[in-house]
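Counting from 1, the numbers follow the sequence of the chain as shown.
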Amino acid sequence: KMGFAVAEEARDRGADVTLVTGPVSLADPAGVKVVRIDSALQLRDAVVGAAEAADIVVMTAAVADYRAAEQSTEKQAKVAGNVTIHLTPNPDILAELGRNKGKRVLVGFAMETHAGVERAAGKAQRKNADFILLNYPTREGTAFGGDDNQVTLVRADGSYEDWPRTTKREVARKLLDEALGMSLTVKDGQRLRLNAIGQRFHARCSTAFEELRAAAAEVERSKNPNNLYVSGLPSLMNKWLGPLIYEWQHEHDDLDIYLD
């Protein structure tokens, strides 16, 4: 559910999204390219392929560290005594992406039962991730398959932020805000401070906002009632359009704006 929440949130911000998922009971999100896989090896191939054209890669899956060294298509007969199963490591997909990171933002997840922040920071350093979201599997209400999560954002330099328990969709919102380098401050006139990837997303929103300006000008010229309904804009969150509208509404106090 965490991966689906991130995919849906990114889609609603106007991103082109590829969701790589194993066998789950969730329906494919509308407007998202979904790639279904059945093994860690298939996951590696699908993710590495999709990452080539990606600006942001978010790795939420809890991939097993090992797989059976030998696979059989037939049931093995019971034998007397102990049985030894040989395991071989699965590919470390996050580390591979980190070695070929380029300019993309790379986000990983970790699950720890103790020394979580220290281990997550070490993971971010070793694997060249921008940050890690640390899960706590023993905390009530945050288990796999649930609707809520409680995580700690951990950066490679050891700095961290504890996020309160909330819905997985809200965790996805905060994750993408961090990935895009977004910061809103009233003191700075509510201007956006963005990293390079965030600037490209914001450019899409700025184009939409100019369309809104033109529509509003037409409303004023035609002397229509002061209610402006605008449809067809990219379905970006209010954090994108909000700061732009905030400044503009000071010049149009009598105009109510409705975005569809």
Expected output: side-chain Asn128 to main-chain Gly98 donor-acceptor under 3.5 Å: yes
Ionic contact status for Lys103 with Asp55, cut-off 4.0 Å: no
For the student: nearest non-hydrogen atoms of Ala121 and Val154, plus distance: N-CG1, 3.5 Å
Side chain to side chain contact (heavy atoms under 4.5 Å, CB included) partner of Leu19, the single match among Val35, Val32, Leu26, Val6: Val32
Can you list, pair by pair, the side-chain donor-acceptor contacts under 3.5 Å of residues 83-90, counting residues two or more places apart and other chains?
residue	atom	partner	partner atom	Å
Asn90	OD1	Arg67	NH1	3.2
Asn90	ND2	Ala64	O	2.9
Asn90	ND2	Tyr66	O	3.4

Ion pair Glu8/Arg11, N-O distance below 4.0 Å: no
Results of salt bridge (Lys or Arg N to Asp or Glu O under 4.0 Å) for Asp162 - residues two or more places apart only: none
Donor-acceptor contact below 3.5 Å, side chain Asp130 vs main chain Val107: no
Any Leu94 side-chain heavy atom under 4.5 Å of Lys123 side chain: yes
Shortest non-hydrogen separation from Gly3 to Thr60 and the atoms involved: CA-OG1, 3.4 Å
Closest non-hydrogen atom pair between Thr18 and Ala50, with its separation: CG2-CB, 4.1 Å
Under-4.0 Å salt bridge between Asp28 and Arg36: yes
Connected via hydrophobic side-chain network under 4.5 Å: Met2 and Leu106: no
Minimum heavy-atom distance Ala40-Ile93, with the two atoms named: O-CD1, 4.3 Å
Leu43 side, atom CG; Leu41 side, atom CG - distance, nearest 0.5 Å: 9.5 Å
Derivation of the side chain to side chain contact (heavy atoms under 4.5 Å, CB included) call for Phe4 and Val24: CA-CA 11 Å; Phe4 277 65; Val24 295; 3.8 Å; yes
Expected output: side-chain Glu9 to main-chain Ala5 donor-acceptor under 3.5 Å: no
Trace of the side chain to side chain contact (heavy atoms under 4.5 Å, CB included) decision for Val58 with Ile56: CA-CA 7 Å; Val58 182; Ile56 302 173; 3.9 Å; yes
Minimum-distance pair of heavy atoms, taken over all atoms of Ala10 and Leu176: N-CD1, 3.6 Å
Trace of the side chain to side chain contact (heavy atoms under 4.5 Å, CB included) decision for Phe109 with Leu175: CA-CA 11 Å; Phe109 274 66; Leu175 182 160; 3.8 Å; yes
Lys174 side-chain N/O to Asp177 backbone N/O, donor-acceptor pair under 3.5 Å: no
Same apolar cluster (I L V M F W Y, side chains within < 4.5 Å links), Val57/Val17: no
Heavy-atom side-chain contact between Glu170 and Thr167 under 4.5 Å: yes
Thr21 and Ile37, any side-chain heavy atoms less than 4.5 Å apart: no
Taking every non-hydrogen atom, the tightest pair across Val20 and Ala46: CG1-CB, 3.8 Å
Backbone N/O of Lys101 and side chain of Arg104: donor-acceptor pair under 3.5 Å: yes
Common cluster, Ile132/Val63, ILVMFWY with side-chain heavy-atom separation under 4.5 Å: yes
Heavy-atom side-chain contact between Asn149 and Trp163 under 4.5 Å: no
N/O donor-acceptor pair under 3.5 Å between Gln125 side chain and Ala156 backbone: yes
Met59 side chain reached by Leu97 side chain, heavy atoms, under 4.5 Å: yes
Side-chain heavy atoms of Thr152 within contact of Tyr136, under 4.5 Å: yes
Salt-bridge contact Asp148-Arg165 (side-chain N to carboxylate O under 4.0 Å): yes
Asp147 side chain near Lys168 side chain, heavy-atom distance below 4.5 Å: no
Lys/Arg N to Asp/Glu carboxylate O, Lys127 vs Glu96, below 4.0 Å: no
Within 6.0 angstrom of Glu118 CD, more than 12 heavy atoms from elsewhere: no
Glu178 vs Val105 side-chain heavy atoms within contact, under 4.5 Å: no
